[in-house]
Amino acid sequence: MVTVTLYTYSQGLAGLAFLFPVVAALFYLTTIETAGKVAVAFTLMMFVAGSQSIPGEILLRFGVAVTITYCFIWFLVLGQKQSLNRLNHSNLTDPLTGLANRRAMDQWLSHYQADRQSLCLFQLNIHQFKSVNQRYGRATGDALLQKLACRLEKLPNQLESAGMIGSGAHLLARTSGDEFVLGLPTRQSQHRDTIAEAIHHRLTGVYQVFEHQLMLTLTLGYSQGGDVSPSDKLQQANLATIQGKAAQPGLCYEFSETLAAEMEQEAAILQGLKRAMDLGAFELKYMPIHGLATPWCVSAEVLVRCTLPELNGIGPDRFIPVAEKYGLIYELDLWIIQRCFTEIQSLSPSHREEVRDLRLALNISSMQLNNPKLAPSLLSLATTYGIDLNRLDLELTETSLVSHSAEGMKTLAELRSNGIKVVLDDFGTGFTAFTQLQHYPIDRLKIDRSFVSQLETEGAEQTRSLVDVILRVAAIYEIPVTAEGVETRKQEEYLIKRGCHHFQGYLYSPPISLGELVAKRRTMMAETLGLNAKAVSD
């Protein structure tokens, strides 16, 4: 600039020609404020230098042109800056609620410079928000989100006034349709669970939206995480929210290392389960069920075991819930049914004739009750493999019937009309009222093993009383009862005296293959019939 000024001093108008390019460059190299100040100062220097060799009238006209040009450049650059600011704002703001969006949240977390130990991140998820849109329309759902956002914006001041959080930068973001994230600078002396409960209390409740009063329930996951990065804390809060939604929605859940280990194990089970299903790495075992009339088993419960090395030691009590959670249970249940029918069909004609009176009990997921393909698929497979449906039981958990739908009951009614019996498994662990038994389409009850195992325990009078009541009520409704987990003769004797006539457990046999079951059953029948024949001859 000094060089251009000196050149103008000696050359006059030839030097002033450099004024516009230099000033224009300033507006693109620095901020608009700095460029304006420097441009004015530089222009004055140029005019002072040019006054030595340029006539005053020409200099005045040139000055007017410069002023008009500067005003044009100023408004042009200012308009571009405002447009850019509006673009950046819309790029970082949720258009519906005005809160920060996911992109802005990521920037906030990555640039957070305050004390990381005091930062607590909360993730909020609206319970069953889709049902609001479906029932009342999207406009009502959007209005509900806006009202929730208004409460969220007031939260930091409310919590700070209550002494729960400190002053400082905070984050309020909407990261998806029904999910929000809060980042708050908590006080070291304040328990985060108290803050979480305060947030939950202020946000849940009835919202007046148009003419509707909507009850909003939130699942809240949070992480105080210590000296970990804000991004890691958000991931931890997300894990707590996911676990909370799966366990019991509508409450507050804190992240813990135990939770992280459970989530990691669940991911490993899911990965192994997918691979096992691709490879067909499962096998069936049969748990004999014995009655009083004969010493050999009268039926058998079909159990599935995973043979994949990665899932060694992981039983169905752990991988079945994962299969249900991630939608793999439909394929797995169908595989079990088809594999069972295949094994029955593959028996030799003589062995198949031996087990013609044997009942088979298949466990199906409660999710299958809402599967319209269950009944047609099961009936089709039975026809294909020549299975007598009158010798087939379907075992369902008690809670699956309590939470039944009309369509689920239709499915069970269709199966029962074709001869299949319905067994209510784990009875006594759920919420079924005894008087409701007459309303459910069930043919047999199974007392859960947790009750049977306590029959000989001192101080378990309440459990024994419950077992007694179950057996008495079942007798009133004329519903046969099977006791699970029988391991001792004393347990068996106790149950027999109170009217139980079918038993399964390690007292009789562990789960075995179908071939072993057939051989064991044949041996017991031969021994019993042989002894009876000998007694008659004697």
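- Minimum heavy-atom separation, Leu273 to Ala323: CD2-CB, 3.6 Å.
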Contacts under 3.5 angstrom, residues 307-314 side chains, donor-acceptor by atom type, not counting sequence neighbours:
residue: Thr307; atom: OG1; partner: Ala281; partner atom: O; Å: 3.2
residue: Glu310; atom: OE1; partner: Arg275; partner atom: NH1; Å: 3.4
residue: Glu310; atom: OE2; partner: Arg275; partner atom: NH1; Å: 2.7

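- Using a 4.5 Å heavy-atom cutoff, the side chains of Asp443 and Arg416 are in contact.
- Looking at residues two or more places apart in sequence or on another chain, you find no salt bridge (Lys or Arg N to Asp or Glu O under 4.0 Å) involving Arg135.
- Here Leu159 pairs with Leu155, Met164, Ile165, Leu184, Ile195, Ala198, Ile199, Arg202 under the side-chain contact (heavy atoms from CB on, under 4.5 Å) rule; sequence neighbours left out.
- Leu412 places a side-chain heavy atom less than 4.5 Å from the side chain of Leu369.
- Residues Cys340 and Tyr286 form a side-chain contact, since some pair of their non-hydrogen atoms from C-beta on lies under 4.5 Å apart.
- Partners of Thr241 according to the side chain to side chain donor-acceptor pair (under 3.5 Å) rule, which considers only residues two or more places apart in sequence or in another chain, are Gln123.
- Not one N or O on the side chain of Ser380 forms a donor-acceptor pair closer than 3.5 Å with the backbone of Pro376.
- Sorted by first and then second residue, the salt bridge (charged side-chain N to carboxylate O under 4.0 Å, His left out) pairs involving residues 261-273 (not counting sequence neighbours) are Glu266-Lys325.
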Begin with the C-alpha distance, continue with both residues' side-chain angles, and end with the deciding distance and a verdict on side chain to side chain donor-acceptor pair (under 3.5 Å) for Glu456 and Thr488. CA-CA 9 Å; Glu456 298 178 272; Thr488 67; 2.6 Å; yes
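- Between Leu392 atom CG and Ile387 atom CD1 the span is 8.0 Å, to the nearest 0.5 Å.
- Minimum interatomic distance between Trp335 and Gly280 (heavy atoms only, all atoms of both residues): CZ2-O, 4.3 Å.
- No side-chain N or O of Glu487 forms a donor-acceptor pair with one of Ser453 less than 3.5 Å apart.
- Scanning both residues, Pro321 and Pro316, for their nearest heavy atoms gives CD-O, 3.6 Å.
- Between the Ser377 side chain and the Leu374 main chain, no donor and acceptor come within less than 3.5 Å of each other.
- When the side chain to side chain donor-acceptor pair (under 3.5 Å) test is applied to Asn418, no partner is found at least two apart in sequence or on another chain.
- No side-chain donor-acceptor contact under 3.5 Å links His127 to the backbone of Leu216.
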Taking it one step at a time, do Lys490 and Glu493 satisfy salt bridge (charged side-chain N to carboxylate O under 4.0 Å, His left out)? CA-CA 5 Å; Lys490 288 185 177 181; Glu493 291 170 2; over 6 Å; no
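- Listed here is the closest heavy atom pair of Leu99 and Ala173: CB-CA, 4.3 Å.
- In terms of the ring pair (Phe, Tyr, Trp, His ring centres under 6.0 Å) criterion, Trp296 has no residue partners (sequence neighbours excluded).
- Remark: the Ser365 side chain and the Glu324 side chain contain an N/O donor-acceptor pair separated by less than 3.5 Å.
- The shortest side-chain heavy-atom distance between Arg174 and Leu145 falls under the 4.5 Å cut-off.
- A 6.0 Å sphere centred on CD of Glu331 holds no more than 12 heavy atoms belonging to other residues, nucleotides or ligands.
- Thr482 is not listed as a side-chain neighbour of Ile447, based on a closest heavy-atom distance of 4.5 Å or more.
- The heavy-atom pair separating Ala247 from Tyr253 by the smallest distance is CB-OH, 4.4 Å.
- With sequence neighbours excluded, the residues that form a side-chain contact (heavy atoms from CB on, under 4.5 Å) with Ser229 are Arg116, Ser231, Asp232.
- Defined by atom type and a distance below 3.5 Å, a donor-acceptor pair is present between the side-chain atoms of Gln265 and Arg318.
- For Arg449 (side chain) and Glu484 (main-chain N/O), no donor-acceptor pair under 3.5 Å exists by modelled atom type.
- With Lys233 contributing its side chain and Leu119 its backbone, the two residues share a donor-acceptor pair below 3.5 Å.
- Taking OG1 of Thr204 as the reference point, atom NE2 of His201 lies at 7.5 Å (rounded to 0.5 Å).
- Between the side chain of Asp94 and the main chain of Thr97, a donor-acceptor pair closer than 3.5 Å is present.
- In this structure, the separation between CZ on Phe129 and CG on Leu144 is 6.0 Å, given to the nearest 0.5 Å.
- Contact check for Leu124 versus Thr219: no side-chain heavy atoms found under the 4.5 Å cut-off.
- With hydrogens and angles left out, the side-chain atoms of Tyr385 and Gln338 include a donor and acceptor closer than 3.5 Å.
- Leu214 places a side-chain heavy atom less than 4.5 Å from the side chain of Tyr136.
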Only pairs under 3.5 Å count here: list side-chain donor-acceptor contacts from residues 498-518, not counting sequence neighbours, and write none if there are none.
residue: Arg498; atom: NE; partner: Asp468; partner atom: OD1; Å: 3.0
residue: Arg498; atom: NE; partner: Tyr494; partner atom: OH; Å: 3.2
residue: Arg498; atom: NH1; partner: Tyr494; partner atom: O; Å: 3.3
residue: His501; atom: ND1; partner: Gly499; partner atom: O; Å: 2.9
residue: His502; atom: ND1; partner: Arg444; partner atom: NH1; Å: 3.3
residue: Gln504; atom: OE1; partner: Lys446; partner atom: NZ; Å: 2.7
residue: Gln504; atom: NE2; partner: Glu301; partner atom: OE1; Å: 2.9
residue: Tyr508; atom: OH; partner: Glu492; partner atom: OE2; Å: 2.8
residue: Ser509; atom: OG; partner: Lys520; partner atom: NZ; Å: 3.3
residue: Ser513; atom: OG; partner: Glu516; partner atom: N; Å: 3.3
residue: Ser513; atom: OG; partner: Glu516; partner atom: OE1; Å: 3.2
residue: Glu516; atom: OE1; partner: Ser513; partner atom: N; Å: 3.0

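- Within the 4.5 Å cutoff, the side chain of Leu172 has heavy atoms near those of the Leu182 side chain.
- Among residues two or more places apart in sequence or in another chain, the side chain to side chain donor-acceptor pair (under 3.5 Å) test is passed with Arg472 by none.
- No donor-acceptor pair closer than 3.5 Å links the side chain of Thr217 to the backbone N or O of Gly250.
- For residues 355-384, the salt bridge (charged side-chain N to carboxylate O under 4.0 Å, His left out) pairs, not counting sequence neighbours, are Glu353-Arg356, Asp357-Arg521, Arg359-Asp393.
- The salt bridge (Lys or Arg N to Asp or Glu O under 4.0 Å) search around Glu343 returns Arg339, not counting sequence neighbours.
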